[in-house]
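For ligands, and for the atoms within them, numbers begin at 1 and follow the listed sequence.
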Amino acid sequence: MKRYSVFSLFKHALSHHENWQRVWRNPKPKQVYDVVIVGGGGHGLATAYYLAKEHGITNVAVVEKGYLGGGNTARNTTIVRSNYLWDEAANLYEHAMKLWEGLSQDLNYNVMFSQRGVLNLGHNLQDMRDIERRVNANRLNGIDGNVLNAAQVKEICPLLDCSDNARYPVLGASWQPRAGVARHDAVAWGFARAADALGVDLIQQTEVTGIRRHEGAVCGVETNNGFIAAKKVACVASGNSSELARMVGLELPLESHPLQACVSEPIKPIIDTVVMSNAVHGYMSQSDKGDLVIGAGIDSYNGYGQRGSFQGIEHTLAAICELFPDVRRVRMNRAWGGIVDTTPDACPIISKTSVPGLYFNCGWGTGGFKATPGSGNVFAHTIAHDDPHPLAKAFTIDRFNSGFLIDEHGAAGVAH
Ligand code: FAD
Ligand code: PYC
């Protein structure tokens, strides 16, 4: 892949964005593909990349109704961790974590993965018991984690009010040192560029409006730019997944909710880790630009508007001011929302369906960014083999019939 010198960087800085070389092609859709992936977010792009790289399936199109990485991938607060309670979920997220650790090298693209650690705070005795249980379970699965008391939390994050004066005093936290953040758009662009280089067609501004079948099996997608034939169709559309499923008469156990976040004006570095509190509905980190990145729990109503309620974000900012009194006078720059697809057990669906050739990867809800490489990796296997990847076996749609749910609400880190 092309590398740039300091001179060329300088030249481009003065070019007014003209004559820049495209980082990926802008192809016209072919008539037929082996696989059409619906949704050009991080997960869809990662799926395309691993289909091409690990399974040699390169006759693939990613069809995106907007621009690549413009959905929840663009709207998330980029927290990456693998400290889930149950073995099935912990192993899946840890698979993703291991891929994150080599991703910039693998894609030859800096995804700015920063392992600055994540604290999940405990504010009462039950929180602390849950934290101990989760950290013990993590360690049994070979996942790093420690239980900290309030003094140890204060040492890692001096900005946090760990005094007894707080309305919800900090009693301790779980601490995952290998957790952290990554740069969301770089993740989408890195996967897009690498998939394109392997021959995948990235087709933007094209909305899938129907899924066509022949004798029961999938044979392609209807789009606002015409029909595209495909042997397999894989839907990776987060908050819009139910809409796609309805196109073939499937009902998925999903609810779409707004989830919102906001950023402050940029300020000097004041916090070099990530702090999350499920109990008070707020979490905060600081971006490389200096903005404080703050997020809320889900808005409890269903909706497809990419914004949340004023009450929701106000409640979160009040909680953040209690946790970090020093930031009370920092001004907020902007707030936004995404549509998250929640399941009854707060775990994803990575699955074949009853329609031959149709696959769904959805239900990541409030926490799918951290899974991006792992999700694409196991989903590509599932599509290529028409059989779940061993790490995805527990996450098929069948679990909602069999009752083998994997309840990860406690580890979701964000209230819902
Ligand atoms: P998306 O990025 O949403 O991609 C799906 C794509 O499908 C979209 O680009 C959409 O335009 C496209 N699409 C939909 N319908 C169609 C159609 N009919 N035709 C063609 N294209 C279609 N997760 C974490 O792990 N850590 C966090 O810190 C975190 N913070 C979050 C904060 C907020 C405010 C929000 C909203 C979410 C957060 N998440 C977080 C969750 C995370 O963003 C998602 O789980 C993840 O980004 C989902 O990725 P995706 O690629 O599946 O979805
Ligand atoms: O899953 O860690 C997470 C998360 C943080 C913010 C939103 N989701």
Side-chain angles (χ1 to χ4, degrees), residues 36-47 62-84 93 96 118 120 176 179-182 184-185 187-188 191 203-211 221-225 235-244 246-247 256-263 274-276 278 281-285 293-299 304 306-308 312-313 316 335-342 346 348 360-372 374-376 379 408 411-416:
V36 162
I37 294 169
V38 185
H43 288 223
L45 293 165
T47 304
V62 177
V63 179
E64 165 55 50
K65 70 176 175 180
Y67 60 91
L68 298 179
N72 284 345
T73 301
R75 292 155 191 277
N76 89 96
T77 46
T78 78
I79 297 172
V80 174
R81 55 191 175 82
S82 58
N83 53 356
Y84 281 70
Y93 287 102
V118 171
N120 292 94
Q176 188 180 16
V181 290
H184 51 87
D185 40 18
V187 174
F191 275 120
I203 298 164
Q204 303 184 65
Q205 308 296 338
T206 301
E207 179 167 0
V208 170
T209 52
I211 297 174
V221 292
E222 315 282 356
T223 79
N224 57 348
N225 289 321
C235 300
V236 202
S238 67
N240 290 294
S241 300
S242 306
E243 296 298 310
L244 286 161
R246 268 184 218 121
M247 291 174 189
S256 292
H257 287 267
L259 177 69
Q260 42 183 338
C262 58
V263 284
V274 182
V275 178
M276 307 185 68
N278 209 337
H281 295 180
Y283 59 90
M284 188 169 91
S285 65
V293 181
I294 294 169
I298 61 168
D299 280 34
Y304 286 93
Q306 299 207 87
R307 69 173 81 94
I313 202 73
T316 287
W336 65 89
I339 315 162
V340 296
D341 45 340
T342 61
F360 268 86
N361 182 352
C362 55
W364 293 93
T366 62
F369 178 73
K370 68 175 77 62
T372 304
S375 159
F379 194 42
E408 285 291 0
V414 174
H416 67 292

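- Residue Trp336 places no N or O, backbone or side chain, under 3.5 Å from any N or O of ligand 1.
- Checking only distances, Ala237 never comes within under 3.5 Å of ligand 1, N or O to N or O.
- A side-chain donor from one of Gln306 and Arg75 sits under 3.5 Å from a side-chain acceptor of the other.
- Of the candidates Ile79, Ile298, Thr77, the one placing a heavy atom closest to atom 30 (N) of ligand 1 is Thr77.
- For ligand 1, the polar-atom distance check finds an N/O of Phe369 within less than 3.5 Å of one of the ligand's N/O atoms.
- Closest to atom 16 (C) of ligand 1, if we only count protein heavy atoms, is Lys65 CD, 3.8 Å.
- Ligand 1 has no N or O atom lying under 3.5 Å from any N or O atom of Gly44, backbone or side chain.
- Contact between Ala412 and ligand 2 is present, with at least one heavy atom of the residue lying under 4.0 Å from the ligand.
- Residues Ser82 and Gln176 have side chains that bring a donor and an acceptor to within less than 3.5 angstrom of each other.
- In this structure, NE2 in His184 is found 9.5 Å from OG1 in Thr77, a value given to the nearest 0.5 Å.
- Considering backbone and side-chain N/O of Tyr67, none are found under 3.5 Å from N/O of ligand 1.
- Atom 8 (N) of ligand 2 has Thr366 O, 2.7 Å as its closest protein atom, hydrogens excluded (heavy atom only).
- Comparing heavy-atom distances from atom 49 (O) of ligand 1 across Arg81, Gln204, His43 singles out His43 as nearest.
- Side-chain contact of Asp341 with Ser238: a donor-acceptor pair under 3.5 Å is absent, judged by distance alone.
- For ligand 1, the polar-atom distance check against Thr73 finds a nitrogen or oxygen pair separated by under 3.5 Å.
- Counting heavy atoms under 4.0 Å from ligand 1, residue Val208 touches it through both backbone and side chain.
- Within the 4.0 Å heavy-atom cutoff, Cys362 does not count among the residues contacting ligand 1.
- In terms of protein heavy-atom proximity, atom 4 (C) of ligand 2 is closest to Val414 CG2, 3.7 Å.
- In terms of protein heavy atoms, atom 8 (C) of ligand 1 is closest to Glu64 OE1, 3.4 Å.
- Not close to ligand 1: Gly295, with no non-hydrogen atom less than 4.0 angstrom away.
- Considering only non-hydrogen protein atoms, atom 5 (C) of ligand 1 sits nearest to Val236 O, 3.5 Å.
- The atoms of ligand 2 that sit less than 4.0 Å from any heavy atom of Tyr283 are 6 (C), 7 (C).
- Looking at atom 25 (O) of ligand 1, its nearest protein heavy atom turns out to be Lys370 N, 2.8 Å.
- Among protein heavy atoms, atom 14 (C) of ligand 1 sits closest to Asn240 ND2, 3.5 Å.
- Applying the 4.0 Å criterion to heavy atoms of Gly367 picks out, from ligand 2, the atoms 1 (O).
- Here the closest non-hydrogen pair linking Ala411 and Asn83 is CB-O, 4.0 Å.
- Checked against a 3.5 angstrom limit, the closest N/O atoms of Trp364 and ligand 1 fall outside it.
- In Leu68, neither the side chain nor the backbone holds a heavy atom less than 4.0 Å from any atom of ligand 1.
- Ranking the protein heavy atoms by distance from atom 7 (O) of ligand 1 puts Gly39 CA, 3.3 Å first.
- Applying side-chain contact (heavy atoms from CB on, under 4.5 Å) to Val236 and the options Trp364, Phe360, Phe379 leaves one that passes, Phe379.
- Residue contacts with ligand 1 do not include Thr223, since none of its heavy atoms lies under 4.0 Å from the ligand.
- Tyr84 and Tyr93 have parallel rings, their planes meeting at less than 30° on a 0 to 90° scale where 60° marks the start of perpendicular.
- Considering only non-hydrogen protein atoms, atom 1 (O) of ligand 2 sits nearest to Lys370 NZ, 2.5 Å.
- If you look at Thr209 next to ligand 1, there are no close heavy atoms at all, none under 4.0 Å.
- Residue, atom and distance of the protein heavy atom nearest to atom 43 (O) of ligand 1 are Asn76 CB, 3.0 Å.
- In the model, Asn120 has no side-chain atom that pairs as donor or acceptor with a side-chain atom of Asn278 under 3.5 Å.
- Atom 2 (O) of ligand 2 has Arg81 NE, 2.8 Å as its closest protein atom, hydrogens excluded (heavy atom only).
- Listed by atom number, the atoms of ligand 2 under 4.0 Å from Thr77 heavy atoms are 6 (C).
- Note: no N/O pair closer than 3.5 Å links Thr206 and ligand 1 by distance alone.
- Atoms CD and OG1, on Gln205 and Thr223 in that order, are 12.0 Å from each other to the nearest 0.5 Å.
- Atom 39 (N) of ligand 1 has its closest protein heavy atom at Thr366 O, 3.1 Å.
- Defined by atom type and a distance below 3.5 Å, a donor-acceptor pair is present between the side-chain atoms of Asn361 and Ser375.
- Within the 4.0 Å heavy-atom criterion, neither part of Val80 lies near ligand 1.
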